[in-house]
Engineer: 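One structure is given below, represented as structure tokens, and several questions about it will come after.
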Amino acid sequence: MLTFIARRLLYSIPVLVAASFLIFVFVALSSNPLADLYSNTHLTPADIKVIAHAKHLDASVFERYWLWVQDAVLHKFGNNLSNGDPVWPNLERVLWHTIELLVIVLVLSVLIGVAIGILSAIRQYSIFDYTATTLSFIGFAMPVFWLALILQVIFTNIYLKWHLRIFYTAQLSSDNPKYWLLDRIQHLALPVIALCALSVAGYSRYMRASMLEVINSDYTRTARAKGLPEWRVIGKHVFRNALIPLTTQIAIDFGALFAGAFVTEQVFTLDGMGHYFVVALTSGDPYPVMAWLMVVAVMVIIFNLIADLVYGFLDPRIRYD
Amino acid sequence: MHRRRLWLVGACVLALTLGLVATASARPDHAAAAKVKVGGTLLFGAEQEPPCLNNNLNDCNNTWGAYVSEMVMPGIYTILPNFSYQLKLASKVDLQLNPMRVTYHINPKAKWSDGKPVSSADLVFTLKTTLDTSIDKAPSGGGWVSRTGYDLINKTKVIDPKTVQFTFKQPFAGWKELFLGALGILPAHALSGQDYTKVFINNLDNPKTGQPIGSGPFLVKNWAKGSQLTLIRNPNYWGPHKAYLNSVIFRYLTDSNTEIQQVKGGEVDAIYPQPQLPLAELRTTAGLKVQSSLGAQFEHIDIQLGPKGNPLARNPWVRRALMMSIDRREVLKTLFSKLNPSLKPLDNVIYLSNFPQYQAHFNKWDYNPKKAASLLESHGCKKGGDGIYSCNGTRLSFSFESTKGNQLRELAFQIIQARAKANGFDLTNNFKPSNIAFGQDLTAGTWDLFMFAWSGTPDPQGSTAIWSCPNKGGTSNFMNYCNTRATALLHQGDHELDPKKRAAIVNAADALIGNDVPSVPLYQKPTFLVYHSYVTGMRDNATNQGPFYNAEDWWLNK
Amino acid sequence: MPEPLLSIRNLVVEFATEDGIVQAVDGVTYDVFPGEVLGIVGESGSGKSVSTMTLLGLIPQPPGKVVSGEAIFDGRDLLKLSKKAMRDVRGSEVAMVFQDPMTSLNPVLTIGYQLGEAIKVHHKDLKDGQVKQKVIDLLRLVGVPNPERRYEQYPHEFSGGMRQRAMIAMSISNSPKLLIADEPTTALDVTIQAQILEVLKEAQAETNAATILITHDLGLVAELADRVLVMYAGKVVENGDVHTIFSNPRHPYTIGLMESLPRVDVDEEWLRPIPGSPPSLINRPPGCPFHPRCFLSQGRERCRTDEPPLRPIDESRHKTACHFAEELRDHVIGSRREVAGTST
């Protein structure tokens, strides 16, 4: 297992190098950081040439790529081309905020979705099953931003009517809270609910379908024929097998969650990756954009590795040496 | 036993009585002012996070950045809500003519937070920095915002550390706008020798010591980017009293719906939003107070005449046809009927509608689709199959930039776009987040149409930098508009000290601008200050100081 | 004659489907005696698997339904047992071996674990070490080489034949009184079949369990069974000891089955199937279910109107459900020349 992990990490390095080159070529060559300088009436073309040379913008692609790589590795992605602010502190800050949000959403939605899926499958065609199905479809169809707005209005009105502060409607934390963890939970609750609604809908459906397939399989029949109580049949034999296809879905979903979080981050004014990327992209400054893309590439690789390890843990037919 | 019990009972009765008395006196009384409570934190919801705090640089020039530095570094005068000038950092100012000389007597008590007195050296240093053109060539910052007036000072005389006299080579009418708040007076001892484009970016600290610096009631303690900016009471404030509040925190809420929910729900204590439709409900929400006034801010659509804009815009008849294709009354009716029903379209870009000198000059291009059509057609434009005019083969298609997340602007755009389309203009949505729109695009001129608000000063001198030719003092002219006659008039007006004569000259300039239509004025923006009723001392101020001009007088009655 | 271990009387099992009610098992009656091997033969859809799975309650109750009948096993009616009581019976007194060992074993659990589970659920007092030892012994018994190592392996690491050996080991782990083997060799290739046959014999000898062997393979029945039951369209059509059935079948369907076996000693060009196809089990018409394909019926009225009961012929232990079984007394297998009957 350890050699497998080591090997995978080693394979990742050329992938990252290739990714970094592609990122650099596409981003740096498609943006022109000198654009706004041309219209600055106080600058002569000669001034602009000097500035361009100082920023190495007149060098070849490979030279610039190599300079950027050095900057990225040695100086943590270097500085913004426009105002000279270092890139990494801001990017790191928003990265942790987004990870915090997404990990909570992922864990909660998997736990709840799996539980609902299992119950729906065991009690197929019961009232619970029909209710869960209907709610799932509503959850799919509902736009996340709409749900976010509704949640804000609801909880503001709760406060106005009963003077009870349950959840906050924006930002990540209050100024100087008494109990930091509780305050954080109160702030993250609404964005988590808004994002979970979508994920839980999906996972519960997949889990239900997966469970039904396994419940009707031959080995489940064998387990029953052995005289095992039903809870053991479901818990030990059905559940683990049903989880395997779901793992693929979760791995794919993580990328989608990243994107869905953009909107949620905007409505709840969460200082996260989504907002950072939108700002960086529209500003035309290539450095933060490239740094962001590299961070995402690394996250995708890590997450895929974790997903593969979970596979191997769940399914002994896919074991790695 | 008995005695102790009696004593206990007596103490309880005494405590109760004192308590009753205390609460009675703390209850806000209409007749007598309630007693000020010192302490507490006020959370102010801000809808834009400035890119940086040094708002003398174009790339940092942002209203909410200016509000912060307003509280930290006030100026010679404070402009009150009724547009009158009140002495602040100076105890006396003398004006002499022939040649024009202004003598500033700095308040003897005025000092910086580190104990050094505010002195003539600071004014001299500020002048020097303002006139330093190397700042415009620096790789970041975007250049100095406005030098108008400062560039007329040709002689400086330091009489004593607290008295300095400036001589102007020509009379400058707008002299009261010099050395005002929001980094209008810089600390010489902290900034001398520093690269100005690198200071006050993420804080208002003395770059030499790393400590916050200021001459006002507050200091910037901490800026958690993306989240909030914290100001704390300046313990060395020299004013009549130190700030009542312990701290003021700007919470950045970039979504306008969220802002409203936050103030309603008490997560922030006050907001000062752009006019928004949902604000109407706040007028009737229990526990909230609303102050609204018309100030020196007006919403307008600038037209880019520079190389990066649509070349058709360089034809005045295109611009006039555009203005005549926009129904401003329809916009006002849809947006403001509940918020401010009496709002009218603005027809002067220098003297605004509630100023005595107001004269309507733009109204000859008021909404008139027939006239617009005949104007375009008389220049050979033809309507295409999609209803859009083409002039000499080029479609009348313009990108329309403004700030994202501002519902009222987005709604205004839809109304304008629909009406313009019906009249043959294709306007495409190019809304961007505010710190990109302002920090990057506006100064770069990479847009066709840009809708935003100028928050100006009551003195017309501020308009000179906007409407003069870019190479003739138009440092805030991002439209690349140049009318030499108008520019000359504006500069002349800046030197005319007789108010009546000045008004006539400036209005003549505005008439020329109104003829050229480099910009379509829409309406004078009402301000909305919304705060909880326990917030005391806040006053709406429609100048660009905002309600922050008297932040030291704020306190929380709870 | 000893007492039967299992007595099934008039068992009727239906399935509710979209097209109608399917009569999968339609009034089936038979006995199983201790220590004997009963072979049940028939085509797919004859009800042979369903009738035995019903005994263990493995038919999902919607859409399936046990309409009537009783199955007396060791003094109790299996069909009326509580869920808990049924669980105690499953895997300990009555055990089952399924058809496809690849899908019948859980792919994510080790063989050792699955076998151990079968033992532990019925013997909670045993320690883990004892259970492991027992599993290893069982694996050795059924001929799995190197059982200590195999204990830790997963089903996908076993070959087909070995998996079936493990299944058999699992089924006999609690010394059941009745072992039901549902098509145990169908999914395996021929050489392995012979080995599994040996294993089954060994298992039977070891535990002395009564065995129901369900198959469509007559060769298997000939090798292993003591008595044979022939089922068609959810009914028992013939019933007797193996020698009698093979040498003197007394039902046209049984004869058809025998004759359809390819023979090595006769040079024939064509196989001889039974013409026509099995009837739909929904809304079956009256009369004998086999008559549309029967060479003996020759369109006789009685076959179409009266359902023939299962009755003794020649001796009491040989029963057949045919009106005209007497006419078959001198029938020689392989003598039919004509292909009779019409298909419906």
Side-chain angles (χ1 to χ4, degrees), chain A residues 1 114 118 120-130 207-208 210-248 307-321, chain C residues 49 52-53 55-60 62-63 83-111 113-124 152-157 163 166-167 170-171 173-174 176 179-180 182 187:
Chain A
M1 189 63 83
V114 164
I118 293 176
S120 293
I122 302 178
R123 307 220 179 295
Q124 197 183 10
Y125 304 134
S126 65
I127 294 184
F128 177 85
D129 186 23
Y130 283 127
M207 194 61 188
R208 178 183 183 274
S210 197
M211 288 281 294
L212 286 176
E213 199 182 308
V214 174
I215 279 181
N216 295 321
S217 66
D218 288 349
Y219 54 85
T220 309
R221 186 181 56 185
T222 306
R224 290 202 182 101
K226 286 198 285 202
L228 294 178
E230 191 68 10
W231 62 266
R232 249 198 108 96
V233 173
I234 302 288
K236 191 78 196 178
H237 287 260
V238 175
F239 178 63
R240 216 170 123 177
N241 280 282
L243 271 187
I244 296 171
L246 189 64
T247 314
T248 323
D308 281 346
L309 288 177
V310 171
Y311 263 140
F313 171 72
L314 285 177
D315 191 343
R317 290 171 290 189
I318 309 171
R319 282 282 153 90
Y320 318 98
D321 3 83
Chain C
S49 294
T52 52
M53 290 218 280
L55 297 179
L56 279 181
L58 293 175
I59 304 288
K83 281 214 175 89
K84 177 157 187 337
M86 176 53 83
R87 285 204 299 270
D88 289 334
V89 167
R90 285 183 197 153
S92 66
E93 294 181 70
V94 180
M96 222 165 147
V97 177
F98 293 100
Q99 178 175 332
D100 183 353
M102 185 62 227
T103 58
S104 294
L105 287 169
N106 192 327
V108 304
L109 299 169
T110 59
I111 293 287
Y113 181 89
Q114 297 187 54
L115 265 66
E117 201 180 27
I119 299 174
K120 265 217 283 242
V121 69
H122 294 288
H123 299 99
K124 296 190 177 59
E152 305 288 353
Q153 287 186 337
Y154 290 91
H156 66 277
E157 293 173 283
R163 284 195 282 265
M167 285 285 301
M170 189 156 74
S171 64
S173 56
N174 293 314
L179 180 67
I180 306 174
D182 190 350

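A note on names: the letters A, B, ... follow the listed sequences, proteins ahead of strands, and every chain is numbered from 1.
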Engineer: Which atoms of C:Ala118 are under 4.5 Å from chain A, going by heavy atoms: the side chain, the backbone, both sets, or neither?
Structural biologist: both
Engineer: Relative to chain A, which segment of C:Leu105 carries a heavy atom at a distance below 4.5 Å: side chain, backbone, both, or neither?
Structural biologist: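 Backbone only.
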Engineer: For the CD atom on C:Glu157, are there more than 12 heavy atoms of other groups (residues, nucleotides or ligands in this structure) within a distance under 6.0 Å?
Structural biologist: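 Count over threshold, so yes.
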Engineer: Among C:Met167, C:Glu117, C:Lys120, single out the residue with the greatest number of heavy-atom pairs under 4.5 Å to chain A.
Structural biologist: C:Glu117
Engineer: Do any N or O atoms from the side chain of A:Thr222 and from the backbone of C:Ser104 form a donor-acceptor pair under 3.5 angstrom?
Structural biologist: yes
Engineer: Which atom names give the shortest non-hydrogen contact between A:Ala225 and C:Arg90, and what distance separates them?
Structural biologist: O-CB, 3.3 Å
Engineer: Using side-chain heavy atoms (C-beta onward) and a distance below 4.5 Å, is C:Met96 in contact with A:Arg221?
Structural biologist: no
Engineer: With a 4.0 Å cut-off, would you call A:Glu230 and C:Lys83 a salt bridge?
Structural biologist: no
Engineer: What part of A:Arg224 is in contact with chain C, defined as an atom under 4.5 angstrom from a non-hydrogen atom: side chain, backbone, both or neither?
Structural biologist: both
Engineer: To check you understand the geometry: which heavy-atom pair defines the closest contact between C:Pro107 and A:Pro316, and what is its length?
Structural biologist: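 Nearest heavy atoms, C:Pro107 then A:Pro316: O-CG, 3.4 Å.
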Engineer: Counting only heavy atoms closer than 4.5 Å, note whether C:Met102 contacts chain A via side chain, backbone, both or neither.
Structural biologist: neither
Engineer: Go through the atoms of A:Ile244 and report whether side chain, backbone, both or neither lie under 4.5 Å from a heavy atom of chain C.
Structural biologist: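 Only the side chain of A:Ile244 comes within 4.5 Å of chain C.
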Engineer: Can you tell which part of C:Met86 gets under 4.5 Å to a heavy atom of chain A, answering side chain, backbone, both or neither?
Structural biologist: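 Neither the backbone nor the side chain of C:Met86 comes within 4.5 Å of chain A.
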Engineer: Can you check whether C:Leu109 reaches A:His237 side chain to side chain, under 4.5 Å on heavy atoms?
Structural biologist: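 Side-chain contact under 4.5 Å: yes.
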Engineer: Enter the distance from C:Gln114:CD to A:Leu228:CG here, rounded to the nearest 0.5 Å.
Structural biologist: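 It is 10.0 Å, given to the nearest 0.5 Å.
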Engineer: Report the option among C:Asn174, C:Leu56, C:Leu58 that has the most heavy-atom pairs separated by less than 4.5 Å from atoms of chain A.
Structural biologist: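 Of the candidates given, the most pairs with chain A belong to C:Leu58.
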Engineer: Are C:Val121 and A:Pro229 close enough that some pair of their side-chain heavy atoms sits under 4.5 Å apart?
Structural biologist: yes
